[in-house]
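This report concerns only the one structure given below.
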Amino acid sequence: MDFRSELVGSFSTGSNDNPTVEIIEAAFRHHNMNYRYINCEVLPKDLKAAVDGARAMGWVGFNCSIPHKVEVIQHLDGLGESAAVIGAVNCAVLREGKFIGENTDGKGFLASLQTAIDPKDKEVVIFGAGGAARAVAVEVALAGACCITIVNRDEKRGKELADLLNEKTKTKTEFVQWSQTFQIPPSTHVVVNATSMGMHPNVTQKLDFSVDTLLSHMVVADVVVNPPQTVLIKDATAKGCKVLNGFGMIVNQGVLSVKYWTGKDVSPDVMRERLLELL
Ligand code: NDP
């Protein structure tokens with residue numbers, strides 16, 4: 001008998017709405033793994049104490065969500081490659097006694113995207129320049145996209161992301177300030193909503209772009225998890241596009257996080273089923 005479980009979990013402010021605990025615990029149960037995932041409400045002022053607490057209790061890793069993804073870096077012992085480029089961590093992993101920051105947001109998105117299209121040499125439009133957009137854009141660029149257009153309301157954030165991609169990756173990136181209705185260029189292969197628009201409770205919120213410029217050859221992906229059927233996903237489906245909702249991204253990043261923490265490959269289907277039951 002072993003009466004002690006290995007511990008992992010999540011630190012965020014506003015943790016009540018985060019379903020990750022349910023999908024990861026579903027995988028632990030399914031695979032009979034002696035691990036527990038604890039969803040913790042951690043205020044910014046308590047982040048260092050939370051990381052120290054995780055160390056003291058021998059946690060093997062933890063997720064970080066809003067608003068800790070950047071601030072947590074100063075409390076870690078090192079960064080993985082894409083987390084260093086992205087400048088944000090959503091998954092800390094204990095390696096040889098050190099907490100190393102990784103970013104599974106973008107990798108989870110990429111795994112989902114690759115079920116529909118290989119982004120290599122493709123033209124990609126990304127709405128947003130926040131944490132999710134940075135992670136998505138860096139991974140899509142590292143996967144060989146030929147060009148990316150970042151469309152964002154805030155000029156400073158949008159430019160910063162475009163500059164980052166132009167400096168650190170081979171992908172040609174331009175920034176378009178989102179001050180008027182955006183027209184998607186017909187040569188675009190992939191369209192991504194990486195903003196929080198359309199997320200519960202703002203479920204009727206529409207991205208300001210011309211729906212007529214969505215063409216059936218485009219793959220349209222939304223990072224929003226709740227609801228899975230955003231206005232964008234509905235519009236793109238009606239236009240005959242291949243669509244990917246936010247489930248693929250969250251499920252795949254869960255799979256990756258568990259792999260980092262435990263070394264085991266868990267079933268994405270078990271996680272997806274649990275998410276479907278919940279949302
Ligand atoms: P941030 O707060 O870092 O960024 C929000 C982005 O949305 C910014 O680009 C912001 O633009 C834009 N935005 C918000 N409201 C508006 C608006 N009214 N008009 C135009 N732009 C707007 O959030 P995150 O990047 O962390 O999260 C974004 C979404 O991604 C959330 O819905 C989150 O739940 C989801 N997510 C999903 C994951 C998954 O696994 N599926 C993983 C991580 C996140 P501006 O810069 O101009 O303010």
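Whatever order the structure lists ligands and atoms in, that order sets their numbers, starting from 1. These numbers come from the heavy atoms of this one structure, side chains and all, not from hydrogens, waters or symmetry mates.
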Just distances here: any N/O of [X] and N/O of ligand 1 closer than 3.5 Å?
| X | result |
| --- | --- |
| V223 | yes |
| A129 | yes |
| D105 | no |
| V225 | no |
| W178 | no |
| G131 | yes |
| A133 | no |
| V224 | no |
| Q253 | yes |

For [atom], which candidate among [options] holds the nearest heavy atom?
| atom | options | value |
| --- | --- | --- |
| atom 2 (O) of ligand 1 | Q177, M249, R157, E155 | R157 |
| atom 34 (O) of ligand 1 | M199, K69, K206 | M199 |
| atom 16 (C) of ligand 1 | R153, H200, E160 | R153 |
| atom 26 (O) of ligand 1 | D17, I150, I66, V70 | I66 |

Would you say the side chains of [X] and [Y] form a donor-acceptor pair under 3.5 Å?
| X | Y | value |
| --- | --- | --- |
| S15 | E41 | yes |
| T20 | N18 | yes |
| S82 | K107 | yes |

Output for pair (W59 CH2, L94 CG), nearest 0.5 Å, gives 12.5 Å
For atom 24 (P) of ligand 1, what's the nearest protein heavy-atom neighbour? Residue, atom name and distance, please.
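Residue, atom and distance for the closest contact: A132 N, 3.8 Å.
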Side chains of P119 and L110: closer than 4.5 Å at any heavy-atom pair?
yes
Could you check if a side-chain atom of L244 sits within less than 4.5 angstrom of a side-chain atom of V220, using non-hydrogen atoms only?
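Side chain of L244 against side chain of V220, heavy atoms only: no contact under 4.5 Å found.
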Carboxylate-amine/guanidinium proximity below 4.0 Å for K159 and E174:
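The answer is no: the pair does not qualify as a salt bridge.
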Could you check, using the six-membered ring where one of them is a Trp, whether Y37 and F28 have ring centers closer than 6.0 angstrom?
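No: the rings miss the under 6.0 Å criterion.
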Minimal non-hydrogen separation, L76 against R55, with atom names
CA-NH2, 4.3 Å
Under a 4.0 angstrom heavy-atom cut-off, which atoms of ligand 1 come close to G128?
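Those qualifying, in numeric order: 9 (O).
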Below 4.0 angstrom from a heavy atom of Q205, which ligand 1 atoms are there? Numbered from 1 as shown, please.
18 (N)
For H217, I'd like to know if atom NE2 has over 12 heavy atoms of other residues, nucleotides or ligands within 6.0 Å.
yes
